[in-house]
Number of protein chains: 2
Amino acid sequence: MPRKTINREDILEKMGAHVLEHGLNTASLRPLAQAAGTSDRMLIYHFESKDALITELLQFLAGRMALQLEAALPPEPSASLNACATEIVALLRGPAFKPYMRVWLDIVSSATQGSTTHHAIGSAIVEGFFDWLQARLPVGTDDPETTARAMLVVIDGTLVLDAVGQSDAANRAIAHLFPI
Amino acid sequence: MPRKTINREDILEKMGAHVLEHGLNTASLRPLAQAAGTSDRMLIYHFESKDALITELLQFLAGRMALQLEAALPPEPSASLNACATEIVALLRGPAFKPYMRVWLDIVSSATQGSTTHHAIGSAIVEGFFDWLQARLPVGTDDPETTARAMLVVIDGTLVLDAVGQSDAANRAIAHLFPI
DNA sequence: CGAAATGTGTAGCGATTGCTACATATACAT
DNA sequence: ATGTATATGTAGCAATCGCTACACATTTCG
């Protein structure tokens, strides 16, 4: 038995649920601690600082989302680019992933403000999503790497338009950019 | 002479510069007041509450950006869709507009967290940008409205990828989605 | 002139922030 | 048994948050 079999994973789990529900930017130590059933004192004790805690929490959530993505849409090629984009966007808009998208946009926002940790985590998330996305492209897609990157741009742009209530416009854009 | 010829415009100008430089989410009353050469006390006096202040400030900045957009790229049709997208993205990445893009992503982030005021302002900004964008499409573009919305999605997706250091991927996506 | 409206500085309130000092309880190793 | 590492509660600190009470000036208007 290792000496450090404390909760850590449990704590991350519960804090992750709290962040998914209440947002990342507004997450302060005491509410996080309450959600995890502990105290701010112990959070600092376990994670050294809030920055380190947030970093580890975001990595944890990124892993969680990757698992859920593969569970929701296994890596089977779609029938067409349009179907691929449509399926993914529908999935990300659903109740299971919308909270992740909110956190994602928080990460993006912090990254643009100059936070190197958010920048690094965001980069890793995009890279993972890119790999998952590439495996779902229709068989025989020309230049799958560039196509996947294009779809990544369209999906993220859709998230932005969704945020300000322009989902219809985003839908039309997808249909226009991936007609078949 | 109207009785209310106080600074208001000046104050908004200086606070806008501060927000463009230091970000929106981290903007609190005292730094904003210092930037405007007044006190938090007076900001509340003039704008009733911080929420109302931020709302008015964002509307002010949205108008400013619209003006600067028209000044930087007058509404002359581009030679091609690719040229249109490339020119605009290069402009938005430049020093004059990057600060606006940071604020824009802050607005998007707050809107996804449920802020109705940010949602409303973000929606208006997108609508204005959409109109400006439509006027720059090449002459004879098929279905200019849908095309402009598609380009909007691609541009916003590019901003997101830029935020996490994936500008190269975004560039390739643009070249792929708007080949000519 | 005098009253009323408009503007501004000083000081502070209660809440929250990340984080720490101190004491203490438990567990494990020697 | 005893000492040392691990774990945790209590209390609080200095800073910052949005906002307000109070006093005082200046201007406007009847």
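Labels below follow one simple rule: chain letters A, B, ... track the order of the sequence lines, proteins then strands, and each chain is numbered from 1.
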Notebook entry, point to check: Within a strict 4.5 Å, meaning less than it, do heavy atoms of the A:Ile88 and A:Phe129 side chains meet?
Noted result: yes
Checklist line | Gap between atoms NZ and P, on B:Lys50 and D:dG18 respectively (whole Å) | finding: 4 Å
Next item on the list: For A:Thr141 and A:Leu137, work out which heavy atoms get closest and say how close.
Entry: OG1-CB, 3.9 Å
Notebook entry, point to check: For A:Asp51 and C:dG18, what is the distance between atoms CG and C1' respectively, to the nearest whole Å?
Noted result: 10 Å
Note to self: For a quick test of reading the model: is some side-chain N or O of A:His46 closer than 4.0 Å to OP1 or OP2 of D:dT8?
What the structure shows: yes
Note to self: In whole Å, I'd like the distance from the CZ atom of B:Arg8 to the P atom of C:dG7.
What the structure shows: 10 Å
Note to self: I want to check a possible cation-pi pair here: A:Arg8 against A:Phe47, using under 6.0 Å from ring centre and within 45° of the ring axis as the test.
What the structure shows: yes
Give me the distances for all protein-to-nucleotides 13-15 of chain D N/O pairs that come in under 3.5 Å?
none

Next item on the list: Indicate whether any N or O donor in one side chain lies under 3.5 Å from an N or O acceptor in the other, for A:Gln113 and B:Asp106.
Entry: yes
Notebook entry, point to check: How about B:Gln34 and B:Asp40: does a side-chain donor come under 3.5 Å of a side-chain acceptor?
Noted result: no
Note to self: Please report the distance, rounded to the nearest Å, between CD1 in A:Ile54 and C1' in C:dG18.
What the structure shows: 12 Å
Item checked: Separation of atom CG in A:Leu29 from atom C1' in C:dT16, rounded to whole Å -> 11 Å
Next item on the list: Go through residues 36-43 of chain B and report each residue with a non-hydrogen atom lying under 4.0 Å from DNA chain D, sorted by number.
Entry: B:Asp40, B:Arg41
Next item on the list: Calculate the interatomic distance between A:Gln34 atom CD and C:dG18 atom P; express it in whole Å.
Entry: 14 Å
Margin query: Do B:Arg136 and B:Pro77 make a side-chain contact, defined as non-hydrogen atoms from C-beta onward lying under 4.5 Å apart?
Written below: no
Checklist line | From B:Leu53 atom CG to B:Leu29 atom CG, the distance as rounded to the nearest 0.5 Å | finding: 7.0 Å
Notebook entry, point to check: What's the OH-P distance between B:Tyr45 and C:dG7, to the nearest Å?
Noted result: 4 Å
Notebook entry, point to check: Hey, which of these two, A:Glu48 or A:Pro31, hits DNA chain C nearer its 5' end, going by closest nucleotide?
Noted result: A:Pro31
Next item on the list: Starting from C1' on C:dC19, measure out to CG on A:Leu32 and report it in whole angstrom.
Entry: 15 Å
Notebook entry, point to check: Which atom pair, heavy atoms only, marks the closest approach of B:Asp162 to B:Ser167?
Noted result: OD1-OG, 2.7 Å
Check: Which residues satisfy the side chain to side chain contact (heavy atoms under 4.5 Å, CB included) test with B:Thr112, sequence neighbours excluded?
Finding: A:Arg102, A:Leu105, A:Ala163
